[in-house]
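Shown next, in C-alpha cells, is the structure this report addresses.
Whatever order the structure lists them in is the order used to number ligands and atoms, beginning at 1. Throughout, residue positions are numbered sequentially from 1 according to the sequence presented. Since we're looking at a predicted model, the values are computed, not measured.
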Amino acid sequence: MALLLSGQAASKGIGIGRARVLESGGVETPEYTLEPDQIGAEIERFRSAVAQARAGLRVVADRLEQQVSSEVREFIETHLLMLEDDALVEAPVEFIRGRACNAEWALKQARDQLLVAFEQMQDDYFRSRRDDVDQVARRIAGALANRDSRTLVTEEDSLADTVIVADDIEPAELSGLAERGLAAFMIETGGPQSHSSILARSMGVPCIVGVRGARQMVQEGQLLIVDGERGFALIDPDGERLSRYRERQAEQRRRQTSLLRLAGIAPRTADESPIALWANAEQSKDIQMALRNGAAGVGLFRTEFLYLNRQTAPDEDEQYEACVATIRLMDGKPVTFRTLDIGADKQLNLGQDPHEPNPALGLRGIRLSLKFPDIFRTQLRAILRAAVFGPTNLLLPMINGCEDVLQTRKLVREIAEELDAAGVRCKADIAIGGMIEVPAAALAAPQLLDILDFVSIGTNDLIQYTLATDRANQAVARWYDPLHPAVLRLISAVIDTAQAYRKPVALCGEMAGDTRFTALLLALGLRDFSLHPRGILELKEALSRLHRKPLMMLKRDILAASNADAVAEILRMP
Ligand code: PEP
Ligand code: MG
C-alpha cells in the first residue's frame, strides 16, 4: 500500500520520480568561549567566511545570468545584498567582540534575532523574507565549517526522473535543479507564499511544501508521485496508481500545449459576450507573457516591486524609466500603476514604526504614501511624466473612503502644475482609480465612484478584512472563505454600483485567475478580470465554456445562499 504524505499545494502539476533525500543544509552550531587574544583572529575567520559565501554565490549568479528568469536572479541578488547587510555581517562581529564567543555561535545569535523580527511582520511577502535570512546564514555557516553550501550537484544531466525531498531549497539551488528538468520537489518548511513556492511556480516545477517529517518518511531512491495540485505525495505507489498518474501527467502536458491555440483569440463566453482579461504584473517578464497571451492591458502593476530587494528607494528618474519601459512594451495597451502598497517594511526606512501593534490595520498602502508625501510625490511625478508615452492609469491601494482620494487628487494637481511650470511634459488628467480592499470602501462605493474614474476589487484583502481573517495565517485558513455571503454581497454591490455609474470595474485579486470562480464572477456581472498573465489562456478556455446570460439569472439566488456549498450547488461548481 502506498503511503501518503500531505502538505500544501504550492506549484501545480504532477511530478513522478525517484527520491533524492537531502541532508539538512544547516550545520550543528558549536559554542565556545574565546581567550581575549583569540578574538581578533575569530573576527577575521568570520569575515573571510562571509567573503567566501559571497564569492560562491557570485559564481552561481554569473553562471545563471543568461539562463534563468529574472525572478530567480532577483532572489540571488537579494542574498548577495544580505551578505553585505550589517544585520548579518556586522552584528555577529559585535557578538564575537562583546561576548568573546566563537563565530558560529555569534552568527546563530544574529540570525535568530533577525528571524524573530521577520516573524512579527504581518505582510506575507515580507514574512517570507525570513527564509532568505535563514538560507544566507546557512551559506555563511557552511563556509565557516569549511564546506560548500549543500551540494546538490549530481552527476546526471537530466533530473527528469528525480524528486527532491529536503527541509528547504535555496533559490540558487532550485534554479540549477529546474534547469535540468527536475520532476518535482517537496520540502518540510514554507507555505504557498514562500520563495521556493513562488519560484517553483515561475519555473513550472510541481511542488508541495510544509510536509512535516518528509525526510524521515521517504527513503533515498523510493518512487514518489508529487501532486502539486492537491498537495500530497505518494510513496511507492502500486502499478495501477502509477499508470493513472502518468496518464494524468500526459493529459496535463497535452492541455498546456493545446491552450497555446488561444493566445491570439479574444476572450468571449460561449454566448459571445466579450470579456476583458487584464494582467497583474510586477516586472517585464510578466509584461511579455501578458502580451503573448493577449491581455487587454495591465490591470494592476504592483509598483512596490521596484522598491524591494534594495537598500534605498528608487529615485524619480529610475521610477520614470521603469514606468516608461513598461508603457512602451505594452505598445498602446493601457497600464495601470498601483501606487506603493507596503506595510511595515524596514528596508525602505521611511521612518514608520517597524513594530506597529497591528500592521494589517496600520500604516499600509495609501496611508503610508500620504504620511510620507515626499516618497509619494516622487512616485507620482515619475508616473505622471511617464504617462505621456501611452495610456496610463493610477490605482490607489487600501483606500477606505473619499478623503484618501481627495488628498491624492490634490497632490496630483499640484504636481502637474509644478511640472508644467518647470516645462516638463506630464499627463495632468490621468485616470485615477481605487482598489476596493476594505469593506468600508465597498460600502462607500457610490461616494467613491463620484470622485474616482474606475475601481478594481482586491479580493485578497477584501476577504481578509471582511472576515477578520489574516490571509497569511495558516491557522485561520478555513475562515478565509471567498464564497462567504458577506464577501459576495460586497463584490456584487461594487460591480452594480460601478455599472450604474458607467465606470469601469475590474477584479484583480487571486479569485480572478481561479477558474473555480469564473462562473460565479460572471453571474455577479463581472466583465473585467485582472490576473497573473500565466493564467490568461486557461481563463479564456473556461470562459468559452460558460454562458453569461443564464448565469446572471442566478445572481439573486447566489446572494441569498448561506454558505459556499449552497453557492456551489446553485452554480453546480466542480
Ligand atoms: C488584493 O488585495 O486583492 C490585491 C490584488 O492586492 P495585493 O494582493 O497586492 O494585496
Ligand atoms: Mg491588496
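Looking at T269 and H547, their side chains never come closer than 4.5 Å, going by heavy atoms from C-beta outward. Side chains of F337 and T392 form a contact here, defined as non-hydrogen atoms less than 4.5 Å apart. Between V438 and L462 the shortest side-chain heavy-atom distance does not fall below 4.5 Å. Looking only at side-chain heavy atoms (C-beta outward), F376 and L340 stay at 4.5 Å or farther from each other.
Side-chain atoms of D404 come within 3.5 Å of backbone atoms of N400 as a donor-acceptor pair (strictly under, hydrogens ignored).
Contacts with ligand 1 closer than 4.0 Å are made by no heavy atom of M511, backbone or side chain. Under 4.0 angstrom from ligand 1, the non-hydrogen atoms of D461 come from both its backbone and its side chain.
The protein atom (non-hydrogen) at minimum distance from atom 6 (O) of ligand 1 is R338 NH1, 3.0 Å. For atom 7 (P) of ligand 1, the nearest non-hydrogen atom of the protein is R302 NH2, 3.5 Å.
Close approach of ligand 1 to L300 (heavy-atom distance below 4.0 Å) involves ligand atoms 5 (C). With ligand atoms numbered from 1 in the order given, ligand 1 contributes 3 (O) to contacts under 4.0 Å with heavy atoms of G509.
Here the N, O or S atom of E437 that is nearest to the Mg ion (ligand 2) is OE2.
Between R364 and ligand 1, a contact under 3.5 Å exists for no N or O pair.
Metal site remark for the Mg ion (ligand 2): D461 contributes an N, O or S atom at a distance under 2.8 Å.
More than 12 heavy atoms of other residues, nucleotides or ligands lie within 6.0 Å of CD in Q252, so this atom counts as buried by the packing criterion.
Taking a 4.0 Å cut-off on heavy atoms, M435 registers as neighbouring ligand 1. Residue contacts with ligand 1 do not include Q464, since none of its heavy atoms lies under 4.0 Å from the ligand.
Within the structure, no pair that satisfies the side-chain hydrogen bond (donor to acceptor under 3.5 Å, both in side chains) test touches residues 481-494, not counting sequence neighbours.
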Would L396 and I432 count as a side-chain contact (heavy atoms from CB on, under 4.5 Å) here? Give the steps. CA-CA 8 Å; L396 313 179; I432 301 182; 3.8 Å; yes

